[in-house]
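As the structure is a prediction and not an experimental result, all values here were calculated from the model. Scope of the values below: all heavy atoms of this structure, side chains included, with no hydrogens, waters or symmetry mates. So you know, we letter chains A, B, ... as the sequences are listed, proteins then strands, and number each from 1.
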Protein chains: 2
Amino acid sequence: MRRDSRLSRMLHVLIHMDRHYKRATSDTIAQMLGTNAVVVRRTMAGLRKQGYVHSEQGHGGGWELARALTDISLFDVYQAIGAPPLFAIGPSVEQPECLVEQAVDARLNDALQEAETLLLERFRSVTVADIAQDFDACFAEHTHHA
Amino acid sequence: MRRDSRLSRMLHVLIHMDRHYKRATSDTIAQMLGTNAVVVRRTMAGLRKQGYVHSEQGHGGGWELARALTDISLFDVYQAIGAPPLFAIGPSVEQPECLVEQAVDARLNDALQEAETLLLERFRSVTVADIAQDFDACFAEHTHHA
DNA sequence: AATACACGTAACCCGTCTTGTTACAGAAAG
DNA sequence: CTTTCTGTAACAAGACGGGTTACGTGTATT
């Protein structure tokens, strides 16, 4: 396990759910993602809390979209999974006493902050529907050549 | 231990070495960084291989700068420690078969790539000497008010 | 020569975090 | 009342940075 793949996975599943004519069970979704049902429930819990998806218990239950993909941005999904840390590098301690270390961390945090702002800005400006469109275009291309 | 702090630590120590009139031992450096001598040697090994610092064994030995801080950028140091992964998030698999997943990962990688480019650009444009100057300014300010 | 000092490196453990897995309780449909 | 679901808790696995011990090697001092 290297990098947190929850964002990627949730985007992936949201698009599949949009294409799925009926409720999808955690098991069905797990097979799509190549993982397991418990992981799906665990990760989707955040999306449910934010009202992006809805789950029904019992026989015939499962998951379904509660909002249009046009109303869900990558940022929304990122927030819904708990806004995990974006960067794998950073300063060593929170409040260093050493002034040299403070100067180092200030510069480092500046650069990281800039990158984070840009990244989250991109996340905000892209909806899951945009990605679904990318897929549609790619799929059309794919079948056209086949 | 959350985020990789090697870059921060190496920048920190390079500035201290520039201020240090003589060779610094791994133990001395370890105390500055709040860590231990073996970790220092391990991490500094990368800087030595790139020729940014030089180490001398035996009695009276230790570490010294092999280049001016003006000639070492944050990017150089980042590379020297092995260019560890910058991001803590990312796609789930390398080459997904699912076209939906491919579309998701493409968008995600686009955004990550943009952020990485920006970050490394900042790293390239800042020298360790720049940070040392920040410290000097801050230190002057500090003693002035005291 | 002997000793003390300091780097070089391998080996191992620990803490943290994501992910996978098992187990079990609750709810809804047949 | 059994089957099919979700909802959680609990725990193991794997990865990775960092801390620690141990031991080898080179160098100056005595």
| DNA chain C-proximal residues of residues 41-69 of chain B, any heavy atom under 4.0 Å |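 Result for residues 41-69 of chain B: B/Arg41, B/Arg42, B/Arg48, B/Ser55, B/Glu56, B/Gln57, B/Gly58, B/His59, B/Gly61, B/Gly62, B/Trp63, sorted by number.
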| Within residues 10-17 of chain B, residues whose heavy atoms come under 4.0 Å of DNA chain C |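 Close to the strand, none.
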| request: Please confirm whether B/Arg124 makes a cation-pi placement over B/Phe75, using NZ or CZ under 6.0 Å from the six-membered ring centre and within 45° of the ring normal. | output: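 Yes.
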Are any of [X]'s side-chain N or O atoms less than 4.0 Å away from OP1 or OP2 of [N]?
X	N	answer
B/Arg2	D/dG17	no
A/Ser26	D/dC5	no
B/Ser5	D/dG18	yes
B/Arg23	D/dA28	no

Grab the two heavy atoms, one from [X] and one from [Y], that are nearest each other, plus how far apart they are.
X	Y	value
B/Ile15	B/Leu69	CA-CD1, 4.1 Å
B/Pro85	A/Ile89	O-CG2, 3.8 Å
A/Pro91	A/Asn109	CG-OD1, 3.5 Å

| query | Do any N or O atoms from the side chain of A/Glu101 and from the backbone of B/His12 form a donor-acceptor pair under 3.5 angstrom? | reply |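 Side chain of A/Glu101 to backbone of B/His12, a donor-acceptor pair under 3.5 Å: no, none is there.
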| field | Criterion side-chain contact (heavy atoms from CB on, under 4.5 Å) against B/Ile72, the qualifying member of B/Val77, B/Leu47, B/Thr127 | value |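 Looking at B/Val77, B/Leu47, B/Thr127, the match for B/Ile72 under the side-chain contact (heavy atoms from CB on, under 4.5 Å) is B/Val77.
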What's the [atom1]-[atom2] distance between [X] and [N], to the nearest Å?
X	N	atom1	atom2	result
A/Leu7	C/dC17	CG	P	19 Å
B/Asp4	D/dA15	CG	C1'	13 Å
B/Gln31	D/dG19	CD	P	14 Å
B/Asp27	D/dT21	CG	P	12 Å

| message | Side chains of A/Ser8 and A/Ser5: any donor to acceptor distance under 3.5 Å? | response |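 Result is no, nothing qualifies.
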| said: If you define the side chain from C-beta out and look only at heavy atoms, does anything of A/Arg9 sit under 4.5 Å from A/Ile81? | reply: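 Result no, sub-4.5 Å side-chain heavy-atom pair not found.
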| query | Within the structure shown, what part of the strands sits under 4.0 Å from A/Asn36 by heavy-atom distance: base, sugar-phosphate, or nothing? | reply |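 It contacts base atoms.
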| Check ion pair A/Asp134-B/Arg107 (N to O, under 4.0 angstrom) |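 The answer is yes: the pair qualifies as a salt bridge.
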| B/Thr25 side-chain proximity, nearest of C/dT21, C/dT9, C/dC7 |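 Taking heavy atoms from C-beta onward, the closest nucleotide is C/dC7.
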